[in-house]
Enquirer: 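Supplied in structure tokens, the structure appears directly below.
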Protein chains: 4
Amino acid sequence: MAEGSIAADELRLLIERIERLEEEKKAIADDVKDVYGEAKARGYDTKTMRMIVRLRKMDKNDRQEADALLEIYKAALGLE
Amino acid sequence: MAEGSIAADELRLLIERIERLEEEKKAIADDVKDVYGEAKARGYDTKTMRMIVRLRKMDKNDRQEADALLEIYKAALGLE
Amino acid sequence: MAEGSIAADELRLLIERIERLEEEKKAIADDVKDVYGEAKARGYDTKTMRMIVRLRKMDKNDRQEADALLEIYKAALGLE
Amino acid sequence: MAEGSIAADELRLLIERIERLEEEKKAIADDVKDVYGEAKARGYDTKTMRMIVRLRKMDKNDRQEADALLEIYKAALGLE
DNA sequence: ACGTTTGCGCTTTAGC
DNA sequence: GCTAAAGCGCAAACGT
């Protein structure tokens with residue numbers, strides 16, 4: 001069944017693209033680990049560093065959240 | 001205190017490297033989502049595709065062992 | 001403005017009811033975790049158990065259909 | 001195999017306890033939905049309400065996060 | 001009613 | 001090995 005074979009090839013290509021991207025992603029995650037390792041070697045406390053990264057991300061999210069809330073309120077009150 | 005500033009700069013650079021890497025990682029994760037979206041548009045079942053990706057990531061032996069254990073548990077519970 | 005206060009109280013009560021319910025929900029989720037912990041202590045594989053729970057939740061037909069589709073995809077990719 | 005049967009019963013009981021708890025959890029989730037439905041019927045904007053619930057939870061979490069950060073800093077600086 | 005989008009829960013992974 | 005956090009998948013909720 002030719003159609004089945006063609007579809008199988010298409011499916012395989014899609015799967016392989018995904019797997020390739022996930023490998024790249026993992027490589028970057030490893031880079032992150034390396035940076036923490038380097039920081040640790042220079043005497044920094046990585047636990048504190050992780051907390052800082054996390055808080056900075058949260059601050060950003062909170063700001064977006066606040067904006068979203070404002071939009072919702074405006075919509076709820078019929079403002080534009 | 002000059003020394004403190006230098007250390008602060010160093011720490012800041014490390015933090016920024018990490019944040020930059022995490023942004024890249026997120027971009028790739030978005031690419032993965034796009035590929036699944038494309039697959040869906042072509043009529044593939046993405047849920048099954050995700051399972052395939054997971055299975056291919058596993059070693060063949062691990063996969064067969066996990067499967068065997070699941071069969072044992074299913075039998076114990078009368079699940080068919 | 002009395003009317004505003006009354007509405008504010010009403011809203012507040014609704015919010016509190018929701019928060020109370022979500023706390024109860026979380027307590028039960030913790031109980032579930034405890035049972036899995038107990039199972040693990042008795043030597044069961046919790047990962048497989050979770051899979052069993054998921055399978056039992058599915059209708060038998062759905063389960064068999066999902067399984068059949070997975071086999072088709074696996075065959076298309078030569079996964080054994 | 002008697003031992004297998006006994007284990008099967010034990011496993012079944014654990015699974016059933018989990019399933020029972022998850023039913024309770026679902027019932028509570030449905031209650032939450034009902035409260036939102038009631039609020040909507042009284043003219044409240046549920047999207048805004050959901051945001052409020054979420055923000056209140058976040059505030060609580062943020063406070064705990066801040067406490068954790070303080071502890072980490074103290075530990076990093078050798079304070080007690 | 002359907003499709004899209006967001007939020008929630010679970011799974012898995014990383015650190016201790 | 002265990003606990004905690006991050007990432008992912010699913011499902012409900014909203015808008016069209």
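To find a chain, count down the sequence lines: A is the first, B the second, and so on, and within it residues start at 1.
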Enquirer: Could you tell me which residues satisfy side chain to side chain donor-acceptor pair (under 3.5 Å) with D67(C), sequence neighbours excluded, listed by chain and number?
Expert: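 Residues passing side chain to side chain donor-acceptor pair (under 3.5 Å) with D67(C): none at all.
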Enquirer: Can you name the residues that form a side chain to side chain contact (heavy atoms under 4.5 Å, CB included) with L13(D), not counting sequence neighbours?
Expert: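 Once residues adjacent in sequence are excluded, the partners of L13(D) under the side chain to side chain contact (heavy atoms under 4.5 Å, CB included) criterion are E16(D).
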Enquirer: Could you tell me whether the side chain of I18(D) reaches within less than 4.5 Å of the side chain of R50(C), counting heavy atoms only?
Expert: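 Result no, sub-4.5 Å side-chain heavy-atom pair not found.
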Enquirer: Would you mind reporting whether Y73(B) and L79(B) have side-chain heavy atoms less than 4.5 Å apart?
Expert: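 Side-chain contact under 4.5 Å: no.
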Enquirer: At a heavy-atom distance below 4.0 Å, what parts of residues 46-62 of chain B sit against DNA chain F?
Expert: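 Those residues whose heavy atoms fall under 4.0 Å from DNA chain F, taken from residues 46-62 of chain B in numerical order, are K47(B), R50(B).
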Enquirer: Table please: side-chain donor-acceptor pairs of residues 51-60 of chain C below 3.5 Å, with sequence neighbours left out.
Expert:
residue : atom : partner : partner atom : Å
R56(C)  : NE   : E19(D)  : OE2          : 2.7
R56(C)  : NH2  : E19(D)  : OE1          : 3.0
D59(C)  : OD2  : N61(C)  : N            : 2.9

Enquirer: Which residues pass the salt bridge (Lys or Arg N to Asp or Glu O under 4.0 Å) test with E38(A), not counting sequence neighbours?
Expert: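 Partners of E38(A) under the salt bridge (Lys or Arg N to Asp or Glu O under 4.0 Å) test: R42(A), R17(B).
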Enquirer: Quick check on contacts: within residues 19-39 of chain D, what sits under 4.0 Å from DNA chain F by heavy-atom distance?
Expert: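 The stretch gives K33(D) as the residues lying under 4.0 Å from the strand, ordered by number.
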Enquirer: Taking NZ in K74(C) as the centre, count heavy atoms belonging to other residues, nucleotides or ligands within less than 6.0 Å. Is the count above 12?
Expert: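 Enclosed.
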